[in-house]
Protein chains: 4
Amino acid sequence: MPDARPRKRADARRNEQTLLDAAAAAFVASGVDVPVRDIAARAGVGMGTIYRHFPTRADLIIAVYRHQVEALAEAGPALLERHSPSVALTQWVDQLVDFLVTKHGLAAALQSESAGFEALHAYFLDRLLPVCAQLLDAAVEAGEIISGTDTYEFMRAIGNLCVGADADDRYDARRMIGVLLAGLRT
Amino acid sequence: MPDARPRKRADARRNEQTLLDAAAAAFVASGVDVPVRDIAARAGVGMGTIYRHFPTRADLIIAVYRHQVEALAEAGPALLERHSPSVALTQWVDQLVDFLVTKHGLAAALQSESAGFEALHAYFLDRLLPVCAQLLDAAVEAGEIISGTDTYEFMRAIGNLCVGADADDRYDARRMIGVLLAGLRT
Amino acid sequence: MPDARPRKRADARRNEQTLLDAAAAAFVASGVDVPVRDIAARAGVGMGTIYRHFPTRADLIIAVYRHQVEALAEAGPALLERHSPSVALTQWVDQLVDFLVTKHGLAAALQSESAGFEALHAYFLDRLLPVCAQLLDAAVEAGEIISGTDTYEFMRAIGNLCVGADADDRYDARRMIGVLLAGLRT
Amino acid sequence: MPDARPRKRADARRNEQTLLDAAAAAFVASGVDVPVRDIAARAGVGMGTIYRHFPTRADLIIAVYRHQVEALAEAGPALLERHSPSVALTQWVDQLVDFLVTKHGLAAALQSESAGFEALHAYFLDRLLPVCAQLLDAAVEAGEIISGTDTYEFMRAIGNLCVGADADDRYDARRMIGVLLAGLRT
DNA sequence: TATGAATGAGGTTTCATTCAT
DNA sequence: AATGAATGAAACCTCATTCAT
């Protein structure tokens, strides 16, 4: 059996993708605190399989959103190349907000202090904070926004403003984030 | 007979205050979802006592924060009498934020969609939304902030920005709320 | 104060009757397992007052139904004087059934094996079993019913047939008790 | 592959039988209202296991008694083939009574008005009422018993007469049910 | 490697009963 | 003597997580 392993790997990868799709759907439907059993049921696998692939819930959340976080990370420099810093910042924040408000419960999870979410925090910050810092710095240097804004604080504010936005018709996070950005402008 | 049944009453009232203090402490320590058993233990009473005084969790939360909410409600008009609308707004928001960030988990509870918190939402909005609207309106009329801001949305943004602020050294909700207010100014 | 005591007694008796009325109403509404608190609320007294007057639930049940049990006990001989034994038996059973089916939960309580109801069983049997035996014996002697029926067993059957009769539109205990009596006839 | 997944299945089935045995024993000892924890303890399993197999208490009760109910349902036609209707009816009722009096608390549960037992009532009636009706009808047609007896009422009477029979040495439900049947005879 | 049965801690709520006032 | 606040044992049900198969 010369290709026993490769095939297994392909299988495993396909399996993992099934898991991630199921988890994404479950997160959308019931938030990132959805019972593991529900995710397993959606994926058509046993709960043990979820745990095998993603020992902690944070691992699963990270995996589910990895592509979109990576895309966001890459979008920052790209936007800066094609736009003025302030426009780039605005558009990047827009994308970030789009991401957060459409993922039911994700913003809340990101702010959660509950143990077990540290890895999640860390991952998001590792990937996005430098990008955001670059955008802020560029806008400051261009004289388009005031200086002195801490990037972590700014990102946390964005995240916070997105909490629960998808479940509240009377609240449009984008509008308030627009006000926040206006407050940064010189 | 002004104090016909003074003893029971006095006791019960003292006890209720003990309960409220214990609940406040428990909320600070573990958020408003803290198990009833924990609150009872802090108060040194049985769980039944909590349920007797506060049939639902929302009742308890409202009672715990009633004084401070009332104070906030009264502070709005008072500030408007002594300051320009924009200063009054800023100072009122400062007080609101002080309140929210020092009550661990309160901001989160206020944004929570989970059933059983409706009464809590309703109470906070009933008392504070009109006050906030008055402040915003005055500032708009004075030409100090832009018009078109929805009061509910604004308050929700304030609340959101306070979520988790007390547990995160790197995040100062006041600073970001300052930026938000700056974004409203003409 | 020469009549201090008598007045107190009158008060206490009036109070006790209030309790019994309230208990009777509560039993009708919610069965004899109704929470003590409900009875106290109906009576407009504290729960402690119930316990003072009727230390156990059985005491209360006995007191509530004492008058009607006594009436039943007295009805037996009276019926025998005016009717043939078989008619007397039938009419007495009718009265017993009327009593049992209109007291929600009483028949069930009488059959209940749960501790604390022994006094209740004992009281009912003490008062009614001899009466019932007299009626059965007379009917046997008159050759109107078969001999050999154990009185306790017969009464228990009557009681059992009444269980739940008031809550089930499709079940008429009187009809089945009629069949049972028919089964005894020679 | 007739036994594709034999192991789990076999285990689970054995386990389920253990549960049913434990539940049956617990029902005998403490009635069908016995705490789930007690059943779990008897079975040597966690409470969750009970809930997994039998989401509601009615499910568990039905499962515990299913075999015997089915046997009773099948016994009716079989008896009619080999006996006169009246003998068949008597023997079937004997079997029903044997079943009920040996299951402590079952008869009581069947008469219980408490919510959550509807499914139980429904199951017993679905299976046994048609059988009983067939037996009664046959006996009526044969002129062996009087007509006009409602099957539901008759079954309920049987059930009622069995309540508490196992816990009372002085009460023999069979004897009284014999009298009831005698009352039906022409 | 995958399964999902089993575990059991953890939260809620209800009431019989006691006892300080 | 009356009150009703307080107690706390029980019962329920739900998952996160483990582990035998």
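Letters A, B, ... mirror the listed sequences (proteins, then strands); counts begin at 1.
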Asks: Let me know the distance between CG of C:N15 and C1' of F:dA1, rounded to the nearest Å.
Replies: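 After rounding, the reported distance stands at 10 Å.
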Asks: With nearest nucleotides of DNA chain E determined for C:Y51 and B:P55 from heavy-atom distances, which residue corresponds to the more 5′ nucleotide?
Replies: B:P55
Asks: Looking at A:T49, does any N or O in its side chain come under 4.0 Å of the phosphate oxygens OP1/OP2 on E:dT3?
Replies: yes
Asks: Does A:R52 have a side-chain nitrogen or oxygen under 4.0 Å from the phosphate oxygens OP1 or OP2 of E:dA2?
Replies: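 Result: yes.
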Asks: Which heavy atom of A:I39 sits nearest a heavy atom of A:A22, and at what distance?
Replies: O-CB, 3.9 Å
Asks: A:V45 has a side chain; which of E:dA9, E:dA16, E:dT3 sits nearest to it?
Replies: E:dT3
Asks: Between C1' on E:dA2 and CG on A:L19, what's the gap in Å once rounded to a whole number?
Replies: 11 Å
Asks: So, is D:R57 close to the F:dC12 phosphate, meaning a side-chain N or O under 4.0 Å from OP1 or OP2?
Replies: yes
Asks: Dot-bracket for DNA chain F: what is it, with Watson-Crick or G-U pairs under 3.5 Å, [ ] where a pair crosses earlier ones, and | for a pair to another strand?
Replies: .||||||||||||||||||||
Asks: Using atom CZ of D:F54 as one end and atom C1' of F:dC12 as the other, report the distance to the nearest whole Å.
Replies: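 From D:F54 CZ to F:dC12 C1': 18 Å.
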Asks: Which one of B:L106, B:L100, B:L60 satisfies the side chain to side chain contact (heavy atoms under 4.5 Å, CB included) criterion with B:Y65?
Replies: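 Between B:Y65 and the candidates, side chain to side chain contact (heavy atoms under 4.5 Å, CB included) is satisfied uniquely by B:L106.
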Asks: Taking atom types as modelled and ignoring hydrogens, do the side chains of D:D21 and D:T18 form a donor-acceptor contact shorter than 3.5 angstrom?
Replies: no
Asks: Rounded to whole Å, please give me the gap between CE in C:M47 and P in E:dC15.
Replies: 12 Å
Asks: Quick one: on DNA chain E, does D:G48 or B:V34 contact a more 5' nucleotide (nearest heavy atom)?
Replies: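 Residue closer to the 5' terminus by nearest nucleotide: D:G48.
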Asks: Let me know the distance between CG of D:D33 and C1' of F:dA11, rounded to the nearest Å.
Replies: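 It is 11 Å, rounded to the nearest whole Å.
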